Amino acid sequence: LPPCRQRKAGSQEEDLFMRVFSAMMDHESNKFSPIPTTEENFREVDYFSGNQNEPLPDAGDGMILNYGGFVRMIRAAGHEVYAGPAYGAQPSGPLVRADYERMRAHILAHLRKATPVDAVMLYLHGAQLAYGYDDCEGDLLGCIREVVGPEVVISALLDLHGNLTDAMLQHSDILIACKEYPHTDYAMRTADLIRLTAKAVAGEFKPIMKRQYIPMIGTFHTSEEPLRGLVDRVLEMELGEDLSVSFMHGFQWSDTGNVGCNALVVADERATQVSALASEMADAFESAGKAVAAPFWVSIDEAIDAARSVDRGPVIIADIADNAGGGAPGDSTFILQALIERGVENAAFGMIWDPIAVEIATKAGAGAIFPMRIGGKIGKMSGMPIDAEVEVLSVKKCMTGFMTHPDDDCAAVRIGGVDVVLNSVRTQVFAPAPFEALGIDVSSKKIVVVKSSQHFYAAFAPLASRIIYCDSPGSLSSDYSMLPFENLRRPMWPLDVDA
Ligand SMILES: [Zn+2]
């Protein structure tokens, strides 16, 4: 008998007590990123060794639940948790094979120590790759199933940008993805996961999972109708029911045969019409997704023309294809080159990831004027480096505030009419803080270029006169016909009309 049954003392509450092993493996891997991911990259963000005497990691941006928060929620629901290792890193290329295997081994070693358990609850992504593994989540879940056997309930929280695979479904009992993009509902989905897992452990709920694949790729903001209405409809449908419906948007830049969207339904095995519900939800998501994914971004020249024609600044131009938050290097120069060539005045540009340029600027100090080479170093999709005479405006360990890094050495340099922020710890722009810390007042600028896809929006929208999503070339380009896909299933919307 599982331990929960042995502990059962009659009351309803204690019926639902479970002993849980938890772990986190969270990485969105972009096959077009030229930066391989190592264990060291996880240490920079969210890292817990599994040592029960150490505090749980508490870093995070306040929007997406961190591992400490995940474990505390399970404990607050009255369950006992052995908190196993946690690894979360900034999106980048696939993991170095030996590092993935070492982290997986750590998780399994702690799991063996923790057994017997009633449930394994994982915090995963769904689009993690390592060299030699095109489905790290499916692989990890399979290894965990081998350790705990068929009776223990295995459940996991996913990012909706995961690519759902057969192995993930085969080796787990309950998978629940966040429903919102931006991901504002991690805590709510964790609550769903805890409730359904506890009921499954107690035998009150026998989960089955049905999914329907949709051959579609794109970026689908859930704030936009008709997708907003569909997500609300699902939330209402789940109320008071032992039911979970996830729409997995997929992560096309993983370039595996699993890329695409999925509707996933978790329901009780006694429920009827579960497959029908999955296919109804897939149809609804396909039509809502196609409606909101209509391309609304513009070329570099169009973006600069539009920004110059506005009377009042700042116009925010989002460099969506070079977003470090999606695995891009963050050192592409396409837009900066165009700003310089076109003689644009009163502009700010951030942030170019170039630790060497930062070091040179720091040694030269504020006020120094000299020729410098900036950006365009990491790969083909970074473009060419910029060689220009720069004036160093300021240098600082400056990244305080929202999703920034305390060790990030930064510099601001002026090239013609453009103030450029350079940084040394790769990250996207979430807020004006990095500009302000270096003395650049973004609200007084005519044009501000930020390397980010969407997470910049909340902090910049209130001060912007206009926001333009610019599709420059890059590792996260939304012009899918330009990406060197090798493994994508075809036909696939919107690349093939017959998808
Ligand atoms: Zn995501």
Side-chain angles (χ1 to χ4, degrees), residues 24-33 37 41-42 45-46 59-67 69-70 87-94 122-129 135-137 156-165 168 175-190 192-193 214 216-224 227-228 231 246-256 258-264 285 289 292-293 318 320-328 330 402-403 426-430 451-458 469 475-478:
M24 173 194 224
M25 180 82 101
D26 182 14
H27 188 253
E28 186 176 79
S29 309
N30 181 331
K31 214 176 256 174
F32 305 125
S33 170
T37 305
N41 298 124
F42 290 85
V45 180
D46 216 348
D61 61 7
M63 180 173 79
I64 295 175
L65 191 71
N66 58 38
Y67 183 61
F70 180 74
Y87 308 108
Q90 185 77 251
S92 41
L122 302 171
Y123 186 133
L124 304 176
H125 186 282
Q128 181 172 332
L129 312 170
D135 172 17
C136 288
E137 288 84 357
L157 184 68
L158 299 173
D159 187 308
L160 58 72
H161 291 116
N163 299 309
L164 192 61
T165 68
M168 286 164 69
L175 297 174
I176 295 180
C178 64
K179 288 182 169 55
E180 304 288 351
Y181 180 43
H183 307 326
T184 51
D185 64 330
Y186 261 73
M188 284 172 275
R189 300 294 79 81
T190 300
D192 295 346
L193 193 75
I214 309 155
M216 171 168 90
I217 55 176
T219 300
F220 315 107
H221 296 157
T222 54
S223 47
E224 288 174 51
L227 185 53
R228 179 70 257 146
V231 173
S246 298
F247 296 120
M248 303 284 293
H249 299 198
F251 190 65
Q252 45 273 38
W253 299 278
S254 286
D255 187 23
T256 69
N258 302 311
V259 164
C261 297
N262 281 279
L264 171 67
F285 183 71
V292 302
I320 58 173
D322 194 35
N323 170 19
F402 190 60
M403 261 298 254
R426 206 172 60 87
T427 177
Q428 70 176 300
V429 174
F430 283 88
K451 287 186 180 289
S452 174
S453 302
Q454 177 66 358
H455 288 316
F456 72 93
Y457 187 90
Y469 295 87
S475 306
L476 276 170
S477 176
S478 296

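Remember, it's 1-based here, ligands and their atoms both numbered in the order they're listed. The model shown is predicted, which means the values in this text are computed figures rather than measured ones.
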- Could you label the plane-to-plane angle of the His455 and Phe430 rings as parallel, tilted or perpendicular, counting under 30° as parallel and over 60° as perpendicular? parallel
- Query: Is there a donor in the side chain of Thr165 and an acceptor in the side chain of Asp135, or the other way round, less than 3.5 Å apart?
  - Reply: yes
- Query: Nearest 0.5 Å, what's the CE-SG distance between Met248 and Cys261?
  - Reply: 9.5 Å
- Message: So, taking the atom named CD in Gln252 and the one named OG in Ser477, what distance separates them when rounded to the nearest 0.5 Å?
- Response: 10.5 Å
- Item | Salt-bridge present (Asp185, Lys179; N to O < 4.0 Å) | no
- What lies under 2.8 Å from the Zn ion (ligand 1), restricted to protein N/O/S atoms, is Asp159 OD1, Asp159 OD2, His161 ND1, His183 NE2
- With sequence neighbours excluded, tell me which residues meet ring pair (Phe, Tyr, Trp, His ring centres under 6.0 Å) with Phe220. His249, Phe285
